[in-house]
Visitor: 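This is the structure I have questions about; it appears just below.
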Amino acid sequence: MRRENSEPDLSEAENGIKSEYRVRLNGILGLMTWTHVLAVYVPHIILAAMIALAIQVIHQYSIAGIQETIMGILDVLFVSLLTFSPAIRATIMVLIVGWVIVRMDNPVYLMSFATFKAPESWLCSHDDIMDIMANRGTFTDESLTFMRRILSKSGTGQQTAWPPGLTQGLVGPKSSIDTSMEKSREEAETVIFDIVEKALKSAHLRPKDIDFLVINCSLFSPTPSLCAMVINHFGMRSDCESFNLSGMGCSASLIAVSLAKCLLQTRKMPNMSFGHGGLALVVSTEIITPNLYQSNERKFLLQNTLFRCGGAAIVLSNRSLDGRRAWYKLLHTVRFQGTDKRSYECVYETEDASGERGVALSKDIVTVAGKCMEKNLTMLGPYVLPISELAKVFFSVVARMICKSLNSGLSRHEHLLKLIPNVKVYVPDFKAAVDHFCIHAGGRAVIDGIEKNMKLEPHHTEPSRMALLNYGNTSSSSIWYELEYIQYHQKINSLKKGDRILQVAFGSGFKCTSAVW
């Protein structure tokens, strides 16, 4: 896989040196922590134990001949355990314990994923985007200046993708742009068919192997659905259960992953491997063609400068025997949604004063996103943080409560109040539990803010910055471009077996979702 005209790391980007991405030979890794190794290999141990049990039983009764052997096996199975030798009894115990472990763990594995790489004809520079806007004839000089300023500060590069329905506006006047349903479907088919085919091929699966299909696309929800489009094109099974998620914004990919996880773990799908298990295909994308805002209210103009074409397809499995060849293992998913009015309206699709439809971004979005992320990580912390970090949080909370009580009790003694310290709640260091971070590439300011608040190192936010530079804000699929960068291209803090990866995304509603692999 190569990415032309893009920078492989931040050091080369800052020096102005352009080169190709190169894939390391050992790039594809199965990510499993040591605490989960036993659960991964238990199915194989059980199969070996079953074979050993059969050999031992046959050996024990072979002297008496075939008839006595059959009768002996029946006696063993249905009459009494007293005739078992110690070796057979030990093997049966291994089988029972292994079966219990498998049933309790019920893990979900990521077998493969693929991201969309736009053809050369889709790629646009900042000047190309501004020429398309100017050719529309609907934007004022003030609006064009504003969008150019936002573009220059956005952190997006000069080779990001817009769909053909919009890029054809480079060569003609207003009528040349095509935002029709036909062009929108064409973009969806190009992106989705490409990534689904690559993901299935990488996982060595056929379309008919898929039990569950989940597609998320926030602003384009045609009839028939995108799920029906995929099932029809690839000839999937008629009993493949499909779910189409819309209106959930940039956080929707991890919501789709969480939904697929629940479907796999709660619905028993018989398979030819060990026990029960199934396969789920998750597709995350955003269709740009029908969503160009064409008027002059500033809160709507941001969508024209940030979002680009992109998509990702992810294959998930909870089949026990897939653990050994999986790329990653899903450890935790957490979702937090704000319920107040300000959260609900900070990303809002509506019409402006002139009747033009668009997505308005509120000035409160940074504050709302910060609070939602704080709540999400508070929920996630107990699952992943080491005891040392949790203890620091606990003692800081207790100390703060004691100091507040002392402040209330000694309110009449000002000389004593000065002696009481102002204790702040300890902010845990997630770097102690997580090795790599995939932070939604919503914009340069978003990445800068999270890097500062979480006290991350530059190499932790490098995947997010490079995804933003090379692909722009691809909405819900951005975290998969970042994971791809970590897996194949990152030179500093490169991926190692056993590492943990945290994905964090934000979306309308307002939601913050996270997943640990």
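For the single chain, residues carry numbers from 1 onward in sequence order.
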Visitor: Supply the atom-to-atom distance Ser514 OG to Ile439 CD1, rounded to the nearest 0.5 angstrom.
Guide: 12.0 Å
Visitor: How long is the straight-line distance from CG of Asn304 back to CG of Asn291, given to the nearest 0.5 Å?
Guide: 10.0 Å
Visitor: Quick check on side-chain contact (heavy atoms from CB on, under 4.5 Å): which of Ile192, Ile314, Val191 does Val283 satisfy it with?
Guide: Ile192
Visitor: What's the shortest heavy-atom distance between Thr266 and Cys262, and which atoms?
Guide: OG1-O, 2.6 Å
Visitor: Hey, is Arg465 close enough to Glu482 for a salt bridge, meaning N to O under 4.0 Å?
Guide: no
Visitor: Looking only at heavy atoms, which two atoms of Ser476 and Thr285 are closest? And how far apart?
Guide: OG-N, 3.8 Å
Visitor: Leu316 versus Met111: any side-chain heavy-atom pair under 4.5 Å?
Guide: no
Visitor: For Cys250 and Phe307, work out which heavy atoms get closest and say how close.
Guide: SG-CE2, 4.0 Å
Visitor: Which distance, rounded to the nearest 0.5 Å, do you find between the SG of Cys372 and the CG of Asn376?
Guide: 8.5 Å
Visitor: Under 3.5 Å, is there a donor-acceptor pair linking the side chains of Thr305 and His126?
Guide: no
Visitor: Hey, does Phe234 have a side-chain heavy atom less than 4.5 Å from the side chain of Glu197?
Guide: yes
Visitor: Do Arg325 and Asp322 make a side-chain contact, defined as non-hydrogen atoms from C-beta onward lying under 4.5 Å apart?
Guide: yes
Visitor: Give the C-alpha distance, both sets of side-chain angles, the deciding distance and a yes or no for salt bridge (charged side-chain N to carboxylate O under 4.0 Å, His left out) between Lys431 and Glu389.
Guide: CA-CA 11 Å; Lys431 300 192 297 295; Glu389 289 296 308; over 6 Å; no
Visitor: Quick one: are Ile150 and Leu301 in side-chain contact, heavy atoms under 4.5 Å?
Guide: no
Visitor: If you measure only the distance, is there a donor-acceptor pair under 3.5 Å linking the side chains of Asp364 and Thr367?
Guide: no
Visitor: Is the shortest side-chain heavy-atom distance between Trp327 and Ser202 below 4.5 Å?
Guide: yes
Visitor: How long is the gap from CD on Glu189 to CG on Leu226, to the nearest 0.5 Å?
Guide: 9.5 Å
Visitor: On a heavy-atom basis, which atom in Ala118 and which in Leu123 lie closest, and how many Å separate them?
Guide: CB-CD2, 4.2 Å
Visitor: Would you say the side chains of His460 and Glu451 form a donor-acceptor pair under 3.5 Å?
Guide: no
Visitor: Can a donor-acceptor pair be found between the side chains of Gln159 and Tyr471 at a distance below 3.5 Å?
Guide: no
Visitor: For atom CD1 of Ile492, is the number of surrounding heavy atoms from other residues, nucleotides or ligands below 6.0 Å larger than 12?
Guide: no
Visitor: So does Lys198 pair up with Asp194, basic N to acidic O under 4.0 Å?
Guide: yes
Visitor: Which label fits Trp480 and Phe113: parallel for a plane angle under 30°, tilted from 30 to 60°, or perpendicular past 60°?
Guide: tilted
Visitor: If you take all heavy atoms of Cys438 and Ile486, which pair is closest and at what distance?
Guide: SG-CD1, 3.6 Å
Visitor: Should Leu361 and Gln303 count as side-chain neighbours, where that means a heavy-atom distance under 4.5 Å?
Guide: no
Visitor: With ring pair (Phe, Tyr, Trp, His ring centres under 6.0 Å) as the test, would you mind laying out the steps for Trp517 and Tyr109 before giving the verdict?
Guide: CA-CA 9 Å; Trp517 301 88; Tyr109 302 104; over 10 Å; no
Visitor: For a quick check under 3.5 Å, do Ser464 and Thr461 share a side-chain donor-acceptor pair by atom type?
Guide: no
Visitor: Can we say Arg237 and Asp211 salt-bridge, meaning some charged N sits less than 4.0 Å from an Asp/Glu carboxylate O?
Guide: yes
Visitor: Between Thr115 and Lys117, is a side-chain hydrogen bond (donor to acceptor under 3.5 Å, both in side chains) present by the stated rule, with each step listed?
Guide: CA-CA 7 Å; Thr115 59; Lys117 306 301 186 297; 2.3 Å; yes
Visitor: What's the shortest heavy-atom distance between Gln503 and Ile479, and which atoms?
Guide: NE2-O, 3.5 Å
Visitor: Atom OG in Ser154, atom CG in Asn473: separation rounded to 0.5 Å?
Guide: 10.0 Å
Visitor: Would you find more than 12 non-hydrogen atoms of other residues, nucleotides or ligands less than 6.0 Å from Tyr344 atom OH?
Guide: no
Visitor: Within the 4.5 Å heavy-atom criterion, are Phe243 and Glu241 side-chain neighbours or not?
Guide: yes
Visitor: Is the shortest heavy-atom distance from the side chain of Thr474 to the side chain of Glu286 under 4.5 Å?
Guide: no
Visitor: Taking atom types as modelled and ignoring hydrogens, do the side chains of Arg335 and Thr513 form a donor-acceptor contact shorter than 3.5 angstrom?
Guide: no
